[in-house]
Amino acid sequence: MNSTDPIVTDPIVYAHPDRNLAMELVRATEAAAIRAVPFIGRGDKYAADKAAVDAMRAFLGTVNFDGLIVIGEGEKDEAPMLFNGERVGTGRGPACDIAVDPIDGTSLTAAGRQNAISVIAVSDRGTMLDASSVFYMDKIVTGAAGRGVVSLDQSIGENIRELSKAIGKPVGDMTIAVLDRPRHAGLIDAIRSAGAGTRLMLDGDVAGGINAARYETRIDMCVGIGGSPEGITTACALKALGGYMQGRLAPKDDAERARGVAAGLDIDKLLEIDDMVSGDNTFFVATGVTDGGLVDGVRRKGPMIRTESIVLRSRSGTARRVVAEHLAEKWL
């Protein structure tokens with residue numbers, strides 16, 4: 001071999017994302033979060049989202065992988081960058097499915113509220129369900145104790161009582177996270193009637209689902225109808241946390257149901273985690289934009305910009321926190 005020959009890498013190892021990819025991905029979520037900061041509390045969610053999209057895409061373009069965006073900012077005719085079906089990365093390296101949400105919680109960012117995060121999830125190519133033709137999904141998320149205990153086929157009261165027994169926690173001490181939406185008025189009443197308390201989320205059910213699966217939070221379950229893209233993204237995270245989740249697509253009308261069927265989706269199927277993400281080598285990376293229960297938001301400390309991120313990997317079953325300080329002058 002001479003100096004001009006390419007380096008041959010073991011194809012079995014090279015075909016799958018490795019642990020080094022996580023640190024490359026976190027650079028992209030950090031960049032998106034930092035670029036969104038000037039728009040926090042300014043009332044313009046579109047400007048915040050554009051700044052985050054531009055930053056995330058620029059960093060993803062430097063990563064050595066062949067990424068296919070399965071869950072992105074929208075279809076190609078609606079989003080100029082990070083659209084569904086776009087290829088990102090250098091094209092050299094493992095072939096991956098990608099879910100991106102440069103800001104999960106654009107309205108939270110625009111209003112200056114908590115719990116906005118920048119998110120990337122990755123799995124092996126061909127393992128991530130493309131549910132983009134149906135925007136909403138009914139979901140239930142718990143820790144590992146919920147496996148075989150909770151189900152979307154049961155009432156919320158049954159699920160709360162069964163999970164209460166499984167985790168050894170009185171119903172009256174349980175907290176159920178749910179998006180604060182008019183469609184959930186009956187669900188919220190039923191949770192409270194069962195004797196549990198609610199944690200109403202203004203937006204960002206990815207963080208809500210993750211917190212339901214983490215042992216150190218006060219949230220025991222996350223339920224309700226939210227975005228199907230967020231559901232697939234959450235499933236990637238739960239693979240690393242050992243949590244449990246079910247989902248069922250919830251088309252808003254007959255036309256959307258028909259689009260889902262045409263795309264090959266089983267609309268009425270009760271989806272388990274492996275139906276949403278079939279691979280066992282997933283990454284989930286999130287950086288805080290604003291402060292929240294999952295991660296702290298971006299903070300300026302003198303000449304430095306501080307970010308906090310969470311990095312999850314299913315193959316190793318690890319959850320890492322990455323606190324980084326960035327020289328502010330490099331971001332001007």
So do the side chains of [X] and [Y] get within less than 4.5 Å of each other, counting heavy atoms only?
X: H184; Y: L200; result: no
X: L82; Y: V88; result: yes
X: V206; Y: D101; result: no
X: R199; Y: N211; result: no
X: L265; Y: L129; result: yes
X: N159; Y: L163; result: no
X: P102; Y: R57; result: no
X: I71; Y: E230; result: no

Criterion side chain to side chain contact (heavy atoms under 4.5 Å, CB included) on M201 and N115, from CA distance to verdict: CA-CA 9 Å; M201 303 177 293; N115 293 312; over 6 Å; no
In Å and rounded to the nearest 0.5 Å, what is the [atom1] to [atom2] distance from [X] to [Y]?
X: F283; Y: S316; atom1: CZ; atom2: OG; answer: 7.5 Å
X: R161; Y: S155; atom1: CZ; atom2: OG; answer: 5.5 Å
X: I156; Y: S193; atom1: CD1; atom2: OG; answer: 11.5 Å
X: I98; Y: T233; atom1: CD1; atom2: OG1; answer: 11.0 Å
X: C96; Y: L25; atom1: SG; atom2: CG; answer: 8.0 Å
X: M304; Y: K301; atom1: CE; atom2: NZ; answer: 11.5 Å

Salt bridge (charged side-chain N to carboxylate O under 4.0 Å, His left out) between R27 and E24, worked out: CA-CA 5 Å; R27 292 171 59 241; E24 293 298 307; 3.1 Å; yes
Crowding at [atom1], [X] (>12 non-hydrogen neighbours, <6.0 Å):
X: D253; atom1: CG; value: yes
X: R320; atom1: CZ; value: no
X: R218; atom1: CZ; value: no

Heavy-atom pair with the smallest gap, counting every atom of [X] and [Y]:
X: F39; Y: A51; result: CE1-CB, 3.6 Å
X: V295; Y: T287; result: CG2-C, 4.1 Å
X: V171; Y: A194; result: CG1-O, 3.2 Å
X: A213; Y: G243; result: CB-CA, 4.1 Å
X: A235; Y: I273; result: O-CG2, 4.1 Å
X: A250; Y: D138; result: CB-N, 4.2 Å

I'd like to know if the side chain of [X] and the backbone of [Y] have a donor-acceptor N/O pair within less than 3.5 Å.
X: E162; Y: E158; value: no
X: R113; Y: L202; value: no
X: S228; Y: V134; value: yes
X: R214; Y: G209; value: no
X: D203; Y: A116; value: no
X: T109; Y: G105; value: yes
X: Q246; Y: L152; value: yes
X: K139; Y: G227; value: yes
X: D49; Y: K45; value: no
X: T90; Y: R92; value: yes

Exercise: do D280 and S314 side chains pair donor with acceptor under 3.5 Å: no
Joint cluster assignment, [X] & [Y], ILVMFWY side-chain distance < 4.5 Å:
X: I69; Y: F284; result: no
X: V141; Y: I176; result: no
X: I117; Y: M56; result: no
X: L249; Y: V277; result: yes
X: V223; Y: L270; result: yes

Steps toward side chain to side chain contact (heavy atoms under 4.5 Å, CB included) verdict (R183, K252): CA-CA 12 Å; R183 64 178 177 268; K252 59 181 180 291; over 6 Å; no
Passing candidate, side chain to side chain donor-acceptor pair (under 3.5 Å) with K239, options T282, T234, N281, D274: D274
Name of the residue among D153, D268, D266 meeting side chain to side chain donor-acceptor pair (under 3.5 Å) with R248: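 Running side chain to side chain donor-acceptor pair (under 3.5 Å) over D153, D268, D266 with R248 returns exactly one hit, D153.
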Basic-acidic side-chain contact under 4.0 Å: K269, D275: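 Between D275 and K269 there is a salt bridge, with a charged N closer than 4.0 Å to a carboxylate O.
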Evaluation steps, side chain to side chain contact (heavy atoms under 4.5 Å, CB included), between I267 and V261: CA-CA 7 Å; I267 302 299; V261 171; 3.9 Å; yes
CA sep, side-chain torsions, deciding dist, call: L60, I120, side chain to side chain contact (heavy atoms under 4.5 Å, CB included): CA-CA 10 Å; L60 284 176; I120 298 174; 4.0 Å; yes
W331 and H326 aromatic ring geometry - parallel, tilted or perpendicular at 30°/60° bounds: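 Answer is perpendicular, since the angle exceeds 60°.
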